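Structure, as structure tokens:
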Amino acid sequence: MTAVKPPRDRAPTWPGYEALLDRAATTGQDPCGAELERLRAFGELAAADGTTLRGLVVRHLSRARAAWPAGTAEGDRVLVAVQLAVEALCEGYERAQQLAVRQQESARREFIDDLLYGRGDPVRLAERAERFGLRLSHEHAVAAAEGPTPYTEGDSVSRRVERAVTGRFGERRILLTTKGGRMVCIAPGDQRQVLAYFAKQAHAATGGGRAAVGRPHPGAGGVVHSYEEALQALDLAGRLGLEDPVLHAADLLVYPVLARDRRAMAELVRTTLGPLLKARGGPEPYLETLTAYFDAGCVTTQAARRLSLSVRALTYRLQRIHQLTGSDPTDPRHRYPLQTAVIGARILGWPGRKVWTKT
């Protein structure tokens with residue numbers, strides 16, 4: 001079946017429309033299935049050609065009025081035919097619009113995947129980015145937000161956050177999407193207030209979700225780098241038990257540095273904290289004690305309050321750590337290696353995961 005392409009005037013009419021109306025008036029025959037499908041195809045082509053739906057409908061109604069028979073009975077037959085024809089035209093028009101939306105969504109998703117994963121030719125990627133308001137020659141930063149459940153494109157939470165951000169800053173030069181169950185916002189590096197507001201809205205919308213903001217970097221590769229920093233910050237927050245609702249990669253640079261040489265870190269954890277494995281009840285209570293003590297600035301009363309312990313009980317645990325490991329948490333000379341080992345244990349998942357050493 002070959003569809004007739006509509007002319008490029010503002011209100012095209014399907015070429016077989018008048019014959020259809022004449023037949024309905026003289027015989028009472030409704031449009032057949034093949035005619036309705038040709039009308040749908042014509043509606044699709046009209047949409048692709050830039051004709052408005054209003055113009056398409058008005059044009060066909062005006063042609064129906066010109067062909068309207070004088071007799072009442074014939075008029076009723078034509079009216080039925082007009083209704084079926086206009087419905088078919090509108091179905092075809094809507095079908096074309098839905099296809100265009102799907103194609104646009106597909107192109108947008110493909111671009112986002114290429115951008116966040118650093119795939120494809122950088123020059124071509126920069127050209128495609130212009131369509132979405134991003135100028136990759138400038139610096140960009142990425143924020144990622146996660147919550148109790150994964151987010152998907154178009155869900156209620158994502159739409160609420162997007163409306164809040166675009167309502168305040170507009171859509172230009174800002175790209176909001178979802179990836180890997182997280183909400184993602186890409187913004188120019190000199191507009192940090194956009195990412196801060198996005199993180200605030202994401203936290204509020206999820207009732208306790210967490211967001212992380214990567215550092216600004218130039219170029220298409222800079223978007224990938226900033227996105228990876230944001231994801232790494234979220235991962236560190238989970239491993240280290242950080243409670244901040246909004247994390248900034250720039251504030252957490254020490255942790256990737258510490259974890260970069262995992263073999264050396266594993267050796268430090270094993271050597272410094274390994275003796276705690278011999279403690280009755282395992283090393284976890286002592287790791288928890290050290291974490292609270294260091295997080296409290298080595299203030300015993302504050303650390304005891306965080307652990308819901310008496311100061312005496314906390315002091316006993318610190319003494320026991322000294323006895324088992326040979327390192328005194330209250331001694332400034334021992335404090336830094338101990339604290340670094342505790343951080344390393346949390347990053348490596350020790351003692352729940354096996355920590356290997358150099359052979």
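Keep in mind that what you see is a predicted model, and the values were worked out from it rather than measured.
- Leu318 CG to Leu290 CG: the interatomic distance, rounded to the nearest 0.5 Å, is 7.0 Å.
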- Task: Just do the side chain to side chain contact (heavy atoms under 4.5 Å, CB included) check on Val223 and Leu134 with the steps written out, would you?
- Result: CA-CA 11 Å; Val223 174; Leu134 301 182; 6.0 Å; no
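- Atom CG in Asp30 sits 10.0 Å away from atom CD in Glu35 (nearest 0.5 Å).
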- Task: Go through the steps for Arg160 and Gln201 under the test side chain to side chain contact (heavy atoms under 4.5 Å, CB included), then give the verdict.
- Result: CA-CA 9 Å; Arg160 194 183 322 156; Gln201 292 299 315; over 6 Å; no
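- Clustering ILVMFWY residues whenever any of their side-chain heavy atoms sit less than 4.5 angstrom apart, transitively, puts Phe111 in a cluster other than the one holding Met183.
- In this structure, His248 has no ring-ring contact (aromatic ring centres under 6.0 Å, His included) partners at least two apart in sequence or on a different chain.
- Side-chain contact between Leu309 and Arg317 is present, with heavy atoms from C-beta onward closer than 4.5 Å.
- Taking the side-chain contact (heavy atoms from CB on, under 4.5 Å) definition, one finds that Thr152 meets it with Asp155, sequence neighbours left out.
- In this structure, Ser327 contributes its side chain and Leu338 its backbone to no donor-acceptor pair below 3.5 Å.
- The main-chain N or O of Ala341 is never found under 3.5 Å from a side-chain atom of Thr272 such that the two would form a donor-acceptor pair.
- The ring-ring contact (aromatic ring centres under 6.0 Å, His included) search around Tyr117 returns none, not counting sequence neighbours.
- In this structure, Phe198 and Leu176 have side chains that are in contact, with non-hydrogen atoms separated by less than 4.5 Å.
- Closest of all the heavy-atom pairs between Tyr293 and Pro329 is CE2-O, 3.6 Å.
- Residue Val213 is not grouped with residue Leu116 when hydrophobic side chains (ILVMFWY) are merged at heavy-atom distances under 4.5 angstrom, including chains of intermediate members.
- The side-chain contact (heavy atoms from CB on, under 4.5 Å) check on Val299 picks up Thr301, Gln302, with sequence neighbours excluded.
- Using a 4.5 Å heavy-atom cutoff, the side chains of Pro245 and Arg210 are not in contact.
- Hydrophobic clustering keeps Ile186 apart from Val224 (ILVMFWY residues linked when any side-chain heavy atoms are closer than 4.5 Å, directly or through intermediates).
- Here the side chain of His334 pairs no donor or acceptor atom with the backbone of Pro332 at under 3.5 angstrom.
- Residues passing the side-chain hydrogen bond (donor to acceptor under 3.5 Å, both in side chains) test with Arg119 are Asp114, sequence neighbours excluded.
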- Query: Could you go step by step and tell me if Gln193 and Phe169 meet the side chain to side chain contact (heavy atoms under 4.5 Å, CB included) rule?
  - Reply: CA-CA 10 Å; Gln193 70 274 18; Phe169 299 101; 3.7 Å; yes
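- Taking the side-chain contact (heavy atoms from CB on, under 4.5 Å) definition, one finds that Leu277 meets it with Pro283, Trp350, Pro351, sequence neighbours left out.
- Pairing each heavy atom of Leu314 with each of Ala304, the nearest pair is CD2-N, 3.6 Å.
- Atoms CG and CG, on Leu247 and Leu236 in that order, are 9.0 Å from each other to the nearest 0.5 Å.
- Contacts of Thr271 classified as side-chain contact (heavy atoms from CB on, under 4.5 Å), with partners at least two apart in sequence or in another chain: Glu267.
- Of all the heavy atoms in Ala144 and Leu234, the pair that sits closest is O-CD1, 3.9 Å.
- Closest heavy-atom contact between Gly214 and Ala141: O-CB, 3.8 Å.
- Here SG of Cys185 is found 6.0 Å from CD1 of Ile174. Values are rounded to the nearest 0.5 Å.
- For the atom pair CG of Leu348 and CD1 of Ile343, the computed distance is 11.5 Å after rounding to the nearest 0.5 Å.
- Salt bridge present: Arg124 and Glu127 bring a charged side-chain N and a carboxylate O closer than 4.0 Å.
- For the salt bridge (Lys or Arg N to Asp or Glu O under 4.0 Å) condition, the pairs that include at least one residue of residues 177-204, sequence neighbours left out, are Asp113-Lys179, Glu146-Arg182.
- Partners of Gln323 by side-chain hydrogen bond (donor to acceptor under 3.5 Å, both in side chains), not counting sequence neighbours, listed by chain and number: Arg320.
- Grouping the Ile, Leu, Val, Met, Phe, Trp and Tyr side chains by contacts below 4.5 angstrom, directly or via other members, places Leu242 apart from Val246.
- Of all the heavy atoms in Ala230 and Ala212, the pair that sits closest is O-CB, 3.3 Å.
- For Arg280, there are no side-chain hydrogen bond (donor to acceptor under 3.5 Å, both in side chains) partners, not counting sequence neighbours.
- Side-chain N or O atoms of Ser310 include one that pairs as donor or acceptor with a backbone N or O of Ala313 at under 3.5 Å.
- We find the CG-NE2 distance between Leu195 and His140 to be 10.0 Å, quoted to the nearest 0.5 Å.
- Between Ala126 and Leu136, the shortest heavy-atom contact is CA-CD1, 3.8 Å.
- Of the possible donor and acceptor atoms, one in the side chain of Thr166 sits under 3.5 Å from a partner among the backbone N and O of Glu162.
- Under the 4.5 Å side-chain contact rule for hydrophobic residues, Leu175 and Val184 share a cluster.
- Qualifying salt bridge (Lys or Arg N to Asp or Glu O under 4.0 Å) partners for Arg40, counting only residues two or more places apart in sequence or in other chains: Glu37, Glu91.
- Using modelled atom types, one finds no donor on one side chain facing an acceptor on the other under 3.5 Å when comparing Thr330 with Arg335.
- In this structure His225 satisfies the ring-ring contact (aromatic ring centres under 6.0 Å, His included) test together with His217, sequence neighbours excluded.
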